[in-house]
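The block underneath contains the structure these notes are about, expressed in structure tokens.
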Number of protein chains: 2
Amino acid sequence: MPSHHPLPFDPIDRAAQLWQDRIGPAATMAAVTNIMRVQQILQSSVDAALRPHGLTFARYEALVLLVFSRQGSLPMNMMGQRLQLHPTSVTNIVDRLQADHLVERNGHPTDRRTTVVTITEAGRQRQKTATVALTDIDFGLIGLNDDETAQLTVLLTKVRRSAGDFS
Amino acid sequence: MPSHHPLPFDPIDRAAQLWQDRIGPAATMAAVTNIMRVQQILQSSVDAALRPHGLTFARYEALVLLVFSRQGSLPMNMMGQRLQLHPTSVTNIVDRLQADHLVERNGHPTDRRTTVVTITEAGRQRQKTATVALTDIDFGLIGLNDDETAQLTVLLTKVRRSAGDFS
DNA sequence: ATCCAATAGTAGGACGTCCAACCAGTTGCC
DNA sequence: GGCAACTGGTTGGACGTCCTACTATTGGAT
């Protein structure tokens, strides 16, 4: 979390008013700015909760993905598709998880191009304790009831579908 | 935008189903993951639109803030408060804007600690053309009507207020 | 059978964010 | 007045993301 005190007003809302007067589609700008800012808040909360466990949200997500997979292992390109990450980001994340002995890299039996990532027992343990830490803080998402959380998911899923995120 | 083809299913929704079965508060996790992903999509769209103009969204926001200010200038710490950025991020952004001759750094007349950032004429021009590029793509936010966009803003503002972002 | 396009992964670099540490200047308190 | 605590800004490092470019391998088209 950036170390500053809360403002006595909403800077996004104030900017929107100025936009309205001077520029144009203030509502869209406000929504976009809100998403950017909320993401930043959640990222900070989540990373703070994970820091004592030596993880970031990106690495945590990778561990969860592996735990969910049948064999506890997946090819790197599959991880990239599921996590919606650039191949180089997957390399980066797996590098760090491997350095922490939470995953292993192995060759694919038939396709020598692909690298298979397997979660270790330590990785499974780490994922469990990290999950407790995250659920304890509700993933940083506070101030919404169940209904509103569901609404938010519906709206954002609509955006993702429109953006061609999935079909 | 990460260079991969869209999946035939929603990976966030699928993960939520697995959470439901095995872990717990799947709804919250899904909402958080959605925010993270939508932010990423918007960031990519917006940055792509700004790249031809030599700007990023972070730098664009800083320019807009300065344009909105009365004298076209603000102390750096004020910029950090309004943009909700860490002081070091402000330093970083102003460095790059200054290298592009879009802003200037000057000393404060009475407080020699503070640095005042002033937008240049070139900066004002750049902001105008960049704004056209952004409004042309609706800031990357597509798939929602005006009503839904407003709903989204209401929900996210609630989250920010609960997180102590403003009061 | 061969060659060429596509795919899997990595290396190097840019950018933005944060944190910890630091220096310079200011303010308040005694 | 003087010293301590605070504030404003920068530097250096870590991290995650992306892009471009590259190597190795695969597979299809001719």
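The chains referred to below are lettered A, B, ... by the order of the sequence lines, with proteins before strands, and numbering in each begins at 1. Just so it is clear, the values below take in all heavy atoms, side chains as well, and ignore hydrogens, waters and symmetry mates.
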Under 4.0 angstrom between A:Q40 side-chain N/O and C:dC18 OP1 or OP2: yes
Derivation of the side-chain hydrogen bond (donor to acceptor under 3.5 Å, both in side chains) call for B:T131 and B:Q127: CA-CA 6 Å; B:T131 296; B:Q127 186 270 331; 2.9 Å; yes
Below 4.0 Å: OP1/OP2 of C:dG9 and any side-chain N or O of A:R112: no
OP1 or OP2 of D:dT10 under 4.0 Å from side-chain N/O of B:R105: yes
Touch class at under 4.0 angstrom, heavy-atom based, for A:N92 against every strand present: base
Donor on one side chain, acceptor on other, A:S44 and A:Q40, under 3.5 Å: no
Sugar-phosphate only, base, or nothing, as touched by B:R51 at under 4.0 Å among non-hydrogen atoms: nothing
Check: B:N34 side chain, B:A30 main-chain N or O, donor-acceptor pair, under 3.5 Å: yes
Heavy-atom donor-acceptor pair, B:T88 side-chain to C:dC19 base, under 3.5 Å: yes
N/O (side chain, B:T114) to phosphate O (OP1/OP2, C:dG25) under 4.0 Å: no
Heavy-atom donor-acceptor pair, A:E148 side chain to A:N145 backbone, under 3.5 Å: yes
Distance test, side-chain N/O of B:T56 to OP1/OP2 of C:dC15, below 4.0 Å: no
Touch class at under 4.0 angstrom, heavy-atom based, for B:T115 against every strand present: sugar-phosphate
Contact under 4.0 Å: A:H86 side-chain N or O vs D:dC19 OP1/OP2: yes
Nearest-nucleotide comparison on DNA chain C, the residue closer to the 5′ end among B:S89 and A:T91: A:T91
Sugar-phosphate only, base, or nothing, as touched by B:D47 at under 4.0 Å among non-hydrogen atoms: nothing
Side-chain N or O of A:R113 closer than 4.0 Å to phosphate OP1/OP2 of D:dT23: no
First of A:I93 and A:T110 reached from the 5' end of DNA chain D, by closest nucleotide: A:I93
Any donor-acceptor pair under 3.5 Å from A:H86 side chain to A:T88 backbone: yes
